[in-house]
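Chain identifiers are assigned alphabetically (A, B, ...) following the order of the sequence lines, protein sequences preceding nucleic acid strands; residue numbering begins at 1 within each chain.
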2 protein chains.
Amino acid sequence: MRTLGYAVLSLLSREDLSGYDLKRWMERPLGYFWSARHSQIYPELARLEEEGFVTHHVVEQRERPDKKVYGITASGREAVREWVTEPPSSQATRDELVLKAYSIWLADPDAAAALFEEQERLHEEQLRHYEEIEVWMQDNWGESPERMDFDRFASYAALRRGIGYERDYAEWCRWVAAKLEERRSV
Amino acid sequence: MRTLGYAVLSLLSREDLSGYDLKRWMERPLGYFWSARHSQIYPELARLEEEGFVTHHVVEQRERPDKKVYGITASGREAVREWVTEPPSSQATRDELVLKAYSIWLADPDAAAALFEEQERLHEEQLRHYEEIEVWMQDNWGESPERMDFDRFASYAALRRGIGYERDYAEWCRWVAAKLEERRSV
DNA sequence: TGTACCATGTAATTGGTTACATGATTAC
DNA sequence: GTAATCATGTAACCAATTACATGGTACA
């Protein structure tokens, strides 16, 4: 099974959704760690239905196009449950900015410092966005993760990874920019 | 141009290499942030040569197969130089373990904790490996990054990202595992 | 005798992005 | 009017992995 299939099943374990709804989840917030375009989602839903992991029924709407609402089957639920505690298939890391850092000696140091300052700003921005979500979760779901509902804890755990990632990434950008500045005077 | 092309040009800016040499660099250490298999590298070299960014000459070897050694051209050097300070093309984040974290409420908490403990171990291991390289660099290239040769600083900067990433990832795994344990008693 | 390494390629398949395609409603 | 959102699909293309293919040398 494709990881995208599990991403879809994971969302459908929480609630029934249309292809369009899934598309929006795959932009945000799920897209923060697993993204997909609608052109990938619609065929994936068809395949999952063929495999018996989801079913759909058409919901007719006034003043809006009709939609297909998908629900997970018992077999689908069993499939995600098995997948979720298995070790992830090791994925090759590909980070273009780190590749640029590795090649930065080819560049003009001022232009290089500017690049890392700008990237720092972008990661700080994303960090602040995640932190706002964290505050919202704490206000609405309670301060302590140990006592949150289990599905909410899961959402919070994923968010925590985003916070750590962006914080550390921004710090690295800041460090690279600072060292590039220092090198000019040494 | 493909990012893989720039990865190859970046390596060839440092020294002349054969396709096989490039393959090994793309396993480690470059593979820590940009990996490729030999089946991608050989066609890429052909394309880069067609585009005039690299040239090759055949080196005949006794007791070993002959090899094609590639060198970067002036036009290739100009191409990397331009690429290196441009902002990276935004890449969709895809982290299967975070997706599993988001879905962890579906699982048995003990099996879930075991998954995150094991992943913590793996990231700690990778961290220790990076830290050994860091010690080697400091011993051989000097303690202060500001005074390293510029190409060595670039290598060190990329390594620093690896260290930060693994340290933070391991910490997150530890946090998830701990919270899962705590939830059992609450 | 078998495994690992050197050395270079192609073919098939999968996963993902971009582009093509259509059409209604709502808000500015 | 026109842009945004709702709603669902297909086609073309690109990037990357896996598998297919060959053959010599070194070493245990």
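Side chain of Q61(B) to backbone of P65(B): a donor-acceptor contact under 3.5 angstrom is found. At distances below 3.5 Å, not a single donor-acceptor pair connects side-chain atoms of S35(B) with backbone N or O atoms of M26(B).
Nucleotide dA15(D) holds its C1' atom 16 Å from the CD atom of Q91(A), rounded to whole Å. Atom CE of M1(B) is separated from atom P of dC14(D) by 15 Å (rounded to the nearest Å).
Among residue pairs with one or both ends in residues 15-32 of chain B, those qualifying as salt bridge (charged side-chain N to carboxylate O under 4.0 Å, His left out) are D21(B)-R24(B), K23(B)-E27(B); sequence neighbours excluded. The list of salt bridge (charged side-chain N to carboxylate O under 4.0 Å, His left out) pairs with a residue in residues 50-68 of chain A, not counting sequence neighbours, reads R2(A)-E51(A).
In this structure, Y32(A) has its ring center under 6.0 Å from that of H129(A). Outside the 6.0 Å centre-distance limit, the rings of Y102(B) and W34(A) are not counted as a close aromatic pair.
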Would S155(A) and W105(B) count as a side-chain contact (heavy atoms from CB on, under 4.5 Å) here? Give the steps.
CA-CA 9 Å; S155(A) 300; W105(B) 62 280; over 6 Å; no
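With sequence neighbours excluded, the residues that form a salt bridge (charged side-chain N to carboxylate O under 4.0 Å, His left out) with E182(B) are K179(B). By the salt bridge (charged side-chain N to carboxylate O under 4.0 Å, His left out) test, R174(B) pairs with E120(B), E124(B), sequence neighbours left out. Under the salt bridge (charged side-chain N to carboxylate O under 4.0 Å, His left out) criterion, D110(B) pairs with R184(B), sequence neighbours left out. For the salt bridge (charged side-chain N to carboxylate O under 4.0 Å, His left out) test, residues two or more places apart in sequence or in another chain that qualify with R47(A) are E44(A).
A salt bridge links E118(A) to R121(A): at least one charged side-chain nitrogen sits closer than 4.0 Å to a carboxylate oxygen.
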Would you be so kind as to tabulate the donor-acceptor pairs closer than 3.5 Å made by side chains of residues 74-86 of chain B, with sequence neighbours excluded?
residue	atom	partner	partner atom	Å
R81(B)	NH1	L106(A)	O	3.1
W83(B)	NE1	E96(A)	OE2	3.1

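Rounded to 10°, the helix from dT1(C)-dA28(D) to dC28(C)-dG1(D) has 30° between the axis fitted to its first five pairs and the one fitted to its last five.
Side-chain nitrogen and oxygen atoms of Y20(A) include at least one within less than 4.0 Å of the OP1 or OP2 phosphate oxygen of dC6(D).
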Please tabulate the protein-to-nucleotide N/O contacts below 3.5 Å involving nucleotides 17-19 of chain D, giving atom names and distances.
residue	atom	partner	partner atom	Å
dT17(D)	OP1	R94(A)	NH2	3.1
dT17(D)	OP2	R94(A)	NH2	3.3
dT18(D)	OP2	R37(B)	NH1	2.9
dT18(D)	OP2	R37(B)	NH2	3.2
dT18(D)	O4	S39(B)	OG	2.6

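Taking every heavy atom of residues 63-72 of chain B and every atom of DNA chain D, pairs under 4.0 Å involve E63(B), P65(B), by number. Within residues 23-33 of chain A, the residues having any heavy atom under 4.0 Å from DNA chain D are, by residue number, R24(A).
Each of R2(A) and D21(B) was matched to the nucleotide of DNA chain C holding its nearest heavy atom; the match closer to the 5' end belongs to D21(B).
Side-chain contact, D95(B) with Y169(B): a donor N or O sits under 3.5 Å from an acceptor N or O.
The footprint of chain A on DNA chain C, defined by a heavy-atom cutoff below 4.0 Å, extends from dG15(C) to dT26(C).
The only option from T55(A), V8(A), V54(A) that meets the side chain to side chain contact (heavy atoms under 4.5 Å, CB included) definition with Y70(A) turns out to be V54(A).
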